[in-house]
Amino acid sequence: EQKEGMVQINDAINSLDKVTQENAATSSQIDGLSSQASELSARLINITSKAVLSPNSHKQVCNIELTQTIAKYKNDHINFKDENFSKLDSLEEWQVEDSDACNLGSWIKQCETNSEPFIHNAQWNNLKEIHHHLHVDIQDYIIKNAKKESNDALQQSAKIIEENTLNLFVCLDNILLENFKTTNNA
């Protein structure tokens, strides 16, 4: 009986030793993860301390839903350019989506139908004009490419597209500022 008791005690001690070793390994892993999290936190603080935000940045995110919507339309137009430019190797001519028919064009019409408070200004009209020109400019590029115009003509056309894309993005950011003004003056 004593021998069996000693075996049981020995087994219990071995089990405890095994659990202690597993706990030590887990503790070591947790310590490692904690160190990694600390390093990441320090890097994030370092990166964010170097970030320079415009004074209007906080105003542009006062309406998170509108900010997300506008970010989506920016991405849509990057994809719109990419989709059309990916077909240029064919040297074919095709019709690009009309500015009124794309997602941004539909959103513009919806905002006007709903008489959103941020549409009653010059920024809104500028947005619509630049948006329209961007679609026309991409169509113009496609036509020039199909006609095999010179690289200089294509580069000039591409430069206009890039400028209008950036201008479109600035207009969309300005709509966020207009939204801030109208919601805070109401």
Side-chain angles (χ1 to χ4, degrees), residues 40-41 44-45 47-147 149 153-186:
L40 287 173
S41 178
L44 181 60
I45 289 169
I47 290 168
T48 56
S49 70
K50 294 176 184 175
V52 179
L53 299 175
S54 80
N56 290 325
S57 295
H58 71 282
K59 296 175 184 175
Q60 291 176 330
V61 293
C62 73
N63 180 332
I64 297 297
E65 186 176 312
L66 182 60
T67 303
Q68 290 173 332
T69 298
I70 285 178
K72 177 192 176 306
Y73 295 132
K74 287 179 180 180
N75 284 330
D76 282 354
H77 274 73
I78 291 169
N79 292 334
F80 169 68
K81 284 187 340 183
D82 288 347
E83 287 169 10
N84 281 288
F85 284 0
S86 71
K87 300 179 203 174
L88 291 173
D89 287 342
S90 71
L91 299 175
E92 304 268 333
E93 190 176 317
W94 65 91
Q95 189 67 37
V96 299
E97 185 176 30
D98 184 75
S99 63
D100 291 332
C102 75
N103 290 334
L104 178 57
S106 297
W107 178 75
I108 289 170
K109 284 188 269 183
Q110 179 186 8
C111 289
E112 290 176 342
T113 300
N114 295 342
S115 195
E116 296 288 350
F118 52 81
I119 69 168
H120 306 289
N121 56 65
Q123 294 294 335
W124 186 258
N125 293 330
N126 197 25
L127 168 69
K128 292 184 340 183
E129 183 179 333
I130 290 173
H131 178 235
H132 172 74
H133 283 293
L134 180 59
H135 282 254
V136 169
D137 293 338
I138 291 175
Q139 184 66 61
D140 182 55
Y141 189 97
I142 292 166
I143 292 168
K144 286 178 181 177
N145 184 68
K147 291 181 179 178
E149 290 195 19
L154 291 173
Q155 284 177 339
Q156 184 60 32
S157 187
K159 182 179 177 185
I160 291 168
I161 290 168
E162 290 310 308
E163 287 172 0
N164 277 339
T165 301
L166 291 175
N167 289 336
L168 177 70
F169 290 2
V170 167
C171 286
L172 288 167
D173 289 342
N174 287 338
I175 296 304
L176 290 170
L177 292 174
E178 287 296 325
N179 180 62
F180 176 80
K181 289 177 191 174
T182 57
T183 57
N184 287 319
N185 289 335

Are the side chains of [X] and [Y] in touch, meaning some heavy atoms are under 4.5 Å apart?
| X | Y | value |
| --- | --- | --- |
| E116 | W124 | no |
| Q95 | Q139 | yes |
| L168 | Y73 | no |
| L176 | F118 | no |
| L172 | Q123 | no |
| I130 | F169 | no |
| K128 | H132 | no |
| H77 | C102 | yes |

### Query
Excluding sequence neighbours, so at least two apart, what forms salt bridge (charged side-chain N to carboxylate O under 4.0 Å, His left out) with E162?
K81
What are the two closest heavy atoms between [X] and [Y], and how far apart are they?
| X | Y | value |
| --- | --- | --- |
| S157 | D140 | OG-OD2, 3.8 Å |
| H131 | G105 | CE1-N, 3.6 Å |
| S106 | A101 | OG-O, 3.9 Å |

### N-O pairing of K74 and D173 below 4.0 Å
yes
Measuring from atom [atom1] of [X] to atom [atom2] of [Y], what distance do you get when rounded to the nearest 0.5 angstrom?
| X | Y | atom1 | atom2 | answer |
| --- | --- | --- | --- | --- |
| I64 | T69 | CD1 | OG1 | 11.0 Å |
| S99 | I108 | OG | CD1 | 7.5 Å |
| N167 | N126 | CG | CG | 7.5 Å |
| N121 | K181 | CG | NZ | 8.0 Å |
| N145 | E149 | CG | CD | 9.5 Å |
| H133 | N164 | NE2 | CG | 7.5 Å |

Between the side chain of [X] and the main-chain N/O of [Y], is any donor-acceptor distance below 3.5 Å?
| X | Y | answer |
| --- | --- | --- |
| K109 | D100 | yes |
| S115 | E112 | no |
| N84 | F80 | yes |

### Query
Any chance NZ of K72 has more than 12 other-residue heavy atoms, nucleotides or ligands included, within less than 6.0 Å?
yes
### Task
Walk me through it: do D76 and L104 pass the test side-chain contact (heavy atoms from CB on, under 4.5 Å)?
CA-CA 8 Å; D76 282 354; L104 178 57; over 6 Å; no
#### Entry: F85 ring center near Y141 ring center (under 6.0 Å)
yes
